[in-house]
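Below is one structure, written out as structure tokens; the observations come after it.
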Amino acid sequence: MNPARSVLSPGLLCLLLWMPFEAPAQTPRPRARASDLGIPFGGTPGALNAITDVKGVEVGHTTLNSGAATPGSPQVRTGVTAVLPRGRDAVAQPVFAATYALNGSGEMTGTHWVKESGLLSGLVMITNTHAVGAVHEGVIAWSQKRNLTWELGLPVVAETWDGLLNDIDGFHVRPEHAMQALDAARPGPVPEGSVGGGTGMICHGFKGGIGTSSRRLTVEQGGYTVGILVQCNYGSRRLFSVAGVPVGEDLTDLRACYTGPEAPKGPFFSQMKPCSQRASLKPTHPEGMGSIIVVVATDAPLLPHQLERVVRRVPLALGKMGALGENFSGDIFLAFSTQPVPTASVASVGMLDNERITPLFEATVQATQEAILNAMLASDTMTGNQGARVYGLPHERLVKSLRNAGRLPPAPKPKQGG
């Protein structure tokens, strides 16, 4: 809507301008990804370098981003992300699945049945901590319209906490936003950064959010694909590492700060400084708080116990990035295989020989690292709740740190004029 051309009354216009913007967020402003910068994580990415390289997988977002970034008015920086292993058309068909939690200070509903049955029915939803109930309700309402409440009756809904940048206590995510994310799910490129459930998230002290990556195994290894999607909201700056380089030691400034006349209210923000004092090198809130949700998809023929072996390798990637599984970090992961699940009362199913599973472990570690960095690279600086500001990861300084450590080739010398 163009306010200059609006014929609405001023009161109604103000109300509409305040209401959360509900966007499918399928075409955010493109930014360089890790592969564009030449950052080495190993392996061969799929065509899209995204979880949707695994055939059948679809991803959708609903992004809520509204409110003036000034104290006294609600700032909404949140949303919902949906991952459909078999897409909307086959959403009721289960997939073999497994879950694992490195540290359980978080929530992922529906995991008891995943562990019990070895099956994931339908979908994975990701949102903020206080919106789990609303998203759960939205999935049930969406399934009711499709006569699928039995099949989708125990939805998997995961969360991370966005209360620094988002007015999380305002309960702005509603059931219809979950339904919109499901309706927006598509194959193809996956929007990253400050979209969907990742809109208000923070990663290693920089703006975080949604990230994705993939790896394709060689023909000799089976030619299988592993795709990763993360909602990145974890980690300390001090330990932040990329491709084996402790880049957090070079990026000690650009700490979270506030733009208003006083610091945001809350027990975690008492040390936050005004943005005019950006030279502060100390953390402004306890490091290591937050969480990360990781979804691992593959087309390899794996049974649930093998998928558990795969998903237990995700923490190796987090450790390489500088995670410790800190006390208040909810590090919860789910893996699924898109191979067909037989429906006969007695049926045969294929499985990969365990002696051939190690390349899938390596692909999972590689793609998870890259997905985390992609989430950060895609995210711009954001100002949100009570004027709090979190800075985007500076690409140029990251590249410089990696070049200084010999992990990237030197910058090309400028051409001499003729």
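Side-chain contact between Val59 and Thr81 is present, with at least one heavy-atom pair separated by less than 4.5 Å. For the pair Trp142 and Pro175, the minimum side-chain heavy-atom distance is 4.5 Å or more. A 4.5 Å side-chain heavy-atom check between Leu373 and Phe41 finds at least one atom pair inside the cut-off. Between Gln75 and Leu165, every side-chain heavy-atom pair lies at or beyond the 4.5 Å cut-off. Within the 4.5 Å cutoff, the side chain of Tyr391 has no heavy atoms near those of the Arg255 side chain. Within the 4.5 Å cutoff, the side chain of Glu58 has no heavy atoms near those of the Arg186 side chain. Taking the side chain as every heavy atom from C-beta outward, Phe240 and Met321 approach each other to under 4.5 Å. Two residues are said to be in side-chain contact when any heavy atoms from C-beta on lie closer than 4.5 Å; Val156 and Leu123 fail this criterion.
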Decide side-chain contact (heavy atoms from CB on, under 4.5 Å) for Lys207 and Met382; before the verdict, give the C-alpha distance in whole Å, the side-chain angles of both, and the deciding distance to 0.1 Å.
-> CA-CA 7 Å; Lys207 184 68 188 67; Met382 177 176 285; 3.7 Å; yes
Start with the C-alpha distance between Asn166 and Val76, add both sets of side-chain angles, then the distance that settles side-chain contact (heavy atoms from CB on, under 4.5 Å), and finish with yes or no.
-> CA-CA 5 Å; Asn166 175 49; Val76 183; 4.1 Å; yes
Side chain to side chain donor-acceptor pair (under 3.5 Å) between Glu159 and Thr127, worked out | CA-CA 5 Å; Glu159 55 78 27; Thr127 187; over 6 Å; no
Evaluate the salt bridge (Lys or Arg N to Asp or Glu O under 4.0 Å) criterion for residues Arg237 and Asp253: first the C-alpha distance (whole Å), next the side-chain angles of each, then the deciding distance (0.1 Å), finally the verdict.
-> CA-CA 10 Å; Arg237 179 77 63 82; Asp253 58 338; 5.3 Å; no
Val226 and Val296: CA distance, side-chain angles, deciding distance, side-chain contact (heavy atoms from CB on, under 4.5 Å) verdict | CA-CA 7 Å; Val226 173; Val296 183; 4.1 Å; yes
Between Ser121 and Glu151, does a side chain to side chain donor-acceptor pair (under 3.5 Å) hold up when you go through it step by step?
-> CA-CA 6 Å; Ser121 297; Glu151 294 86 346; over 6 Å; no
Take His61 and Val190 through the side-chain contact (heavy atoms from CB on, under 4.5 Å) test and state the conclusion after the steps.
-> CA-CA 9 Å; His61 301 300; Val190 177; 4.1 Å; yes
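Here the rule is side-chain hydrogen bond (donor to acceptor under 3.5 Å, both in side chains) with Thr78, and of Asp162, Asn65, Thr199, Thr62 only Asp162 fits it. In summary, of the residues considered (Ile126, Val124, Asp331), a side chain to side chain contact (heavy atoms under 4.5 Å, CB included) with Ile293 occurs for Ile126 alone.
Salt bridge absent: Arg33 and Glu370 never bring a charged side-chain N and a carboxylate O closer than 4.0 Å. Of the charged side-chain nitrogens involved, at least one lies within less than 4.0 Å of a carboxylate oxygen, so that Arg31 and Asp380 count as a salt-bridged pair. Under a 4.0 Å N-O distance rule, the pair Arg86/Asp299 does not qualify as a salt bridge.
Contact record, Val173 with Ala131: CB-CB, 3.6 Å, taken as the closest heavy-atom pair. The two residues Val139 and Pro155 make their nearest non-hydrogen contact at CG1-CB, 3.6 Å. Counting all heavy atoms, side chain and backbone alike, Pro40 lies closest to Ala243 at O-CB, 3.6 Å. When all heavy atoms are compared, the tightest approach of Val349 to Pro340 is CG2-O, 4.3 Å. Considering all non-hydrogen atoms of both residues, Gly350 and Leu303 come closest at O-CD2, 4.0 Å. The two residues Ala32 and Leu37 have their closest heavy-atom pair at CB-CD2, 3.9 Å.
Rounded to the nearest 0.5 Å, atoms CG (Leu154) and CD1 (Ile140) are 7.5 Å apart. Taking CZ of Arg215 as the reference point, atom OG1 of Thr44 lies at 8.0 Å (rounded to 0.5 Å). Remark: Thr99 OG1 to Phe333 CZ distance equals 10.5 Å, nearest 0.5 Å. Separating the CE atom in Met125 from the OG1 atom in Thr109 is a distance of 10.0 Å, to the nearest 0.5 Å. The NE2 atom of His172 sits 9.5 Å away from the CG atom of Asn128 when rounded to the nearest 0.5 Å. Atom NE2 in His395 sits 9.5 Å away from atom CE in Met376 (nearest 0.5 Å).
A donor-acceptor contact shorter than 3.5 Å links the side chain of Arg88 to the backbone of Ala185. At distances below 3.5 Å, not a single donor-acceptor pair connects side-chain atoms of Arg356 with backbone N or O atoms of Leu352. A donor-acceptor contact shorter than 3.5 Å links the side chain of Asn103 to the backbone of Ser329. Side-chain atoms of Ser337 never come within 3.5 Å of backbone atoms of Phe96 as a donor-acceptor pair (strictly under, hydrogens ignored). Between the side chain of Thr259 and the backbone N or O of Gly387, at least one donor-acceptor pair lies under 3.5 Å. Of the possible donor and acceptor atoms, one in the side chain of Arg216 sits under 3.5 Å from a partner among the backbone N and O of Gly223. Thr212 places a side-chain N or O within donor-acceptor distance of the main-chain N or O of Ile51, the cut-off being under 3.5 Å. At least one donor-acceptor pair closer than 3.5 Å links the side chain of Arg77 to the backbone N or O of Gly67. No donor-acceptor pair closer than 3.5 Å links the side chain of Ser214 to the backbone N or O of Gly227. Judged purely by atom type and a 3.5 angstrom limit, Thr63 has no side-chain atom pairing as donor or acceptor with the backbone of Val195.
One side chain, Gln306 or Asn354, offers a donor N or O that lies under 3.5 Å from an acceptor on the other. Under 3.5 Å, the side chains of Ser213 and Asn49 contain a donor-acceptor pair of N or O atoms. Using a 3.5 Å distance cut-off with no hydrogens or angles, the side chains of Ser241 and Lys320 do not pair a donor with an acceptor. Using modelled atom types, one finds no donor on one side chain facing an acceptor on the other under 3.5 Å when comparing Thr149 with Gln144.
More than 12 heavy-atom neighbours from other residues, nucleotides or ligands sit within 6.0 angstrom of CD on Gln221. The local environment of CZ in Phe328 is sparse, with at most 12 non-hydrogen atoms from other residues, nucleotides or ligands closer than 6.0 Å.
Ring geometry for His204 against Tyr234 counts as perpendicular: the plane angle is over 60°, on a 0 to 90° scale with 30° as the lower cut.
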